[in-house]
There are 2 protein chains.
Amino acid sequence: MGSSIEYQRSSDPSRESRLLDAAAGLFVHYGFDKTTVAEIAREAGVSKGAVYLHFESKDELLEALILRELQAYADSWLGAVENHPSGGSIGGMVRCAMQALHGHPLMVAILRSDVGVFGNYLRKPESLLRRARGRSTRKAFVEAMQAAGVIRTDVDPAVTAHIMNMLSFGLVAIEQVIEADEAPPLDALLDGIAEFMDRALTPVGGGNHEAGKAILREFRAAGQERLAKVTHAG
Amino acid sequence: MGSSIEYQRSSDPSRESRLLDAAAGLFVHYGFDKTTVAEIAREAGVSKGAVYLHFESKDELLEALILRELQAYADSWLGAVENHPSGGSIGGMVRCAMQALHGHPLMVAILRSDVGVFGNYLRKPESLLRRARGRSTRKAFVEAMQAAGVIRTDVDPAVTAHIMNMLSFGLVAIEQVIEADEAPPLDALLDGIAEFMDRALTPVGGGNHEAGKAILREFRAAGQERLAKVTHAG
DNA sequence: CATTGACCAGTATTGTATATTTGGTCAACA
DNA sequence: TGTTGACCAAATATACAATACTGGTCAATG
């Protein structure tokens, strides 16, 4: 906690990345608690002591990993939105968000607050995610989308934000209960969800796609800033 | 498993109910594993042996409890739908379903597959819920609703069923992560979800409410039958 | 009959002593 | 200067009795 001194960090980013990569794989596979620092070091091809040149503690390594994951996931999402033809519609955004979850198993674990993967870290009050969670980011997001003409204005933004949350958590929660062969193929599901959201939330005249993308970029930048602030102030 | 002999059961239903009531409260509070049969008996005001006049085992008691809960919840749902003015619309149904969850903490626990409450019972392959879960009940439900003109026909029923599942699980999953004061007031939320579903799924001309209620009654009866069959055949 | 509670075999739990492993440090090294 | 790996205290795992408790039974009871 009271992060003491800004000590000199190694300036080798690839080394840090390799450590995080190794940790990510091990955490997903064995879980945080059952992964040892020594294993992480070995997997990354460095000594155990080197880990502590880059991170103050195992917990801080996890924080850095989560931070990187959040950023990487946001980048994937934004990238998908930019490329997708209807990425600026609300349905397109949701579609891209869910699509982007593939290849981000840690993000899924974060959404699921997976104790197996993160031990009890996520439950700690001082955890990165608790510090970072803006009180009502999603509500502000919905409001911005309404102001930009992407979402119809006759819905309660708080409620709409909550529904979007429900869908996020539902997506990952349902996997633990539903047999794989009961779920529809991913592409059909994503299309269906996009349609569903569009029909429920797009204004009558159709949404302004470019405005939607712009808002998303804006929120991405703000989010980055907020995360940076959170990580600076311990 | 191989349920041996149909032995003579006590014909006193209130006794059985009291046992189930006692068990329900204790399971929700302490969890299945940490609740002893002796406690259940004491709470119900009978001896421990009496429990085994009504149930073959602690597991079977839990099955009976879950069965009762499923039936009671379905009744609550159907009752709410029958009373609610727009209960026959898809939004109304969803609204009523979620409303009915209040006062049914065990149903919430079932949806959440709460290990704390049910121990590892729900995970067992021979558990009641696994035996009872129709392969694609919800899909059939959506299809029936489409045939009856309650849901628009240009959506994939499997996908729509999956989305409804996502919302169910999302509703209960989200509670574990979101602070209470971040969630909108329940009434507003239910109204919002109903609106949301209606806009996404109601056919252009508006749905046939009476047909919706009829279908729901039909499925309720079929479900009861299926559950009865499942409980007879061990 | 229905109902009980003492009783049983098997399983958790506890206590305790020992051995291993862990996150984290730091003098020595390259 | 950047890196290492032997080293440490604390935590955790293991071993193994002794003990307590559990789900489930059944002869005795009223």
Side-chain angles (χ1 to χ4, degrees), chain A residues 1-20 22-23 26-27 29-65 115 118-121 124 126-127 234, chain B residues 1-20 22-23 26-27 30-65 115-116 118-121 124 126-127 234:
Chain A
M1 268 76 32
S3 80
S4 41
I5 302 155
E6 274 297 288
Y7 56 85
Q8 185 58 34
R9 292 258 177 91
S10 162
S11 56
D12 182 355
S14 77
R15 173 73 65 91
E16 206 163 298
S17 295
R18 282 223 312 282
L19 279 168
L20 290 180
L26 292 166
F27 289 167
H29 199 85
Y30 302 104
F32 179 75
D33 288 336
K34 289 185 181 170
T35 299
T36 69
V37 177
E39 276 174 323
I40 296 171
R42 184 163 43 76
E43 193 77 13
V46 297
S47 73
K48 190 163 65 128
V51 173
Y52 291 89
L53 297 177
H54 296 272
F55 308 99
E56 275 190 341
S57 67
K58 195 186 175 191
D59 270 13
E60 211 214 37
L61 185 154
L62 177 57
E63 290 214 341
L65 180 58
V115 177
F118 296 110
N120 289 319
Y121 172 77
K124 291 183 192 173
E126 72 271 19
S127 80
Chain B
M1 265 83 32
S3 83
S4 42
I5 303 155
E6 273 296 290
Y7 57 85
Q8 184 59 34
R9 293 257 178 92
S10 162
S11 54
D12 182 355
S14 76
R15 173 74 64 88
E16 207 165 296
S17 294
R18 282 223 312 282
L19 279 168
L20 291 181
L26 291 166
F27 290 168
Y30 301 103
F32 180 75
D33 288 337
K34 289 186 182 170
T35 299
T36 70
V37 176
E39 275 174 324
I40 296 170
R42 183 163 44 75
E43 193 77 15
V46 296
S47 72
K48 191 164 64 132
V51 173
Y52 290 91
L53 297 176
H54 296 272
F55 308 100
E56 275 189 341
S57 67
K58 194 188 176 191
D59 269 12
E60 212 214 37
L61 185 153
L62 177 57
E63 290 214 340
L65 180 58
V115 178
F118 296 111
N120 289 318
Y121 173 77
K124 290 184 192 172
E126 73 271 20
S127 80

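In the text below, chain A, chain B and the rest are named by the order of the sequence lines, each starting its count at 1.
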Euclidean distance, atom CZ of residue B:R42 to atom P of C:dT4 [Å, nearest integer]:
15 Å
From the options D:dT4, C:dT22, C:dT3, select the nucleotide whose nearest atom is closest to the side chain of A:T36.
C:dT22
Distance check needed: C:dT11 C1' versus B:N120 CG, whole Å only.
16 Å
Can you check whether B:R15 has a side-chain N or O nearer than 4.0 Å to OP1 or OP2 of C:dA2?
no
Using atom CD of A:E39 as one end and atom C1' of C:dT21 as the other, report the distance to the nearest whole Å.
11 Å
Taken to the nearest whole Å, CG/A:D33 to P/C:dT21 is 17 Å
What is the minimum heavy-atom distance between B:L19 and B:V46, and which atoms define it?
CD2-CG2, 4.0 Å
Using whole Å, report how far CD1 of B:I40 lies from P of D:dT22.
11 Å
Taking all atoms of both residues into account, what is the closest heavy-atom pair of A:V37 and A:K48, and its distance?
CG1-CG, 3.9 Å
CD of B:E56 to CD of B:E63, rounded to nearest 0.5 Å, is 10.0 Å
Compute the angle between the rotation axes at the two ends of the helix from C:dC1-D:dG30 to C:dA30-D:dT1, each taken over five pairs, rounded to 10 degrees.
40°
If I take atom CG in residue A:L53 and atom P in nucleotide C:dC29, what distance separates them, rounded to the nearest angstrom?
18 Å
Looking only at heavy atoms, what is the nearest atom pair of B:A44 and B:A22, with distance?
N-CB, 4.0 Å
Give the minimum heavy-atom separation between B:H54 and B:E60, together with the two atoms involved.
O-OE1, 4.4 Å
For side chain to side chain contact (heavy atoms under 4.5 Å, CB included), just list the numbers for A:F55 and A:L20, CA-CA rounded to whole Å, side-chain angles, deciding distance to a tenth of an Å, and then say yes or no.
CA-CA 10 Å; A:F55 308 99; A:L20 290 180; 3.8 Å; yes
Intermediate values then yes/no, side chain to side chain contact (heavy atoms under 4.5 Å, CB included), A:R15 and A:L53:
CA-CA 10 Å; A:R15 173 73 65 91; A:L53 297 177; 5.9 Å; no
A:K124: which residues meet the salt bridge (charged side-chain N to carboxylate O under 4.0 Å, His left out) condition with it, sequence neighbours left out?
A:D59
Could you pull out the protein-nucleic contacts involving nucleotides 24-28 of chain D (nitrogen or oxygen on both sides, under 3.5 Å)?
from   : atom 1 : to    : atom 2 : distance (Å)
D:dG24 : OP2    : B:Y52 : OH     : 2.9
D:dG24 : OP2    : B:K58 : N      : 2.7
D:dG24 : N7     : B:K48 : NZ     : 3.3
D:dG24 : O6     : B:K48 : NZ     : 2.3

From CG of B:L19 over to P of D:dG23, roughly how many Å is that when rounded to an integer?
14 Å
Here the distance between atom C1' of C:dA2 and atom CD of B:E16, to the nearest Å, is 15 Å
Ring centers of A:F27, A:F32 separated by less than 6.0 Å
yes
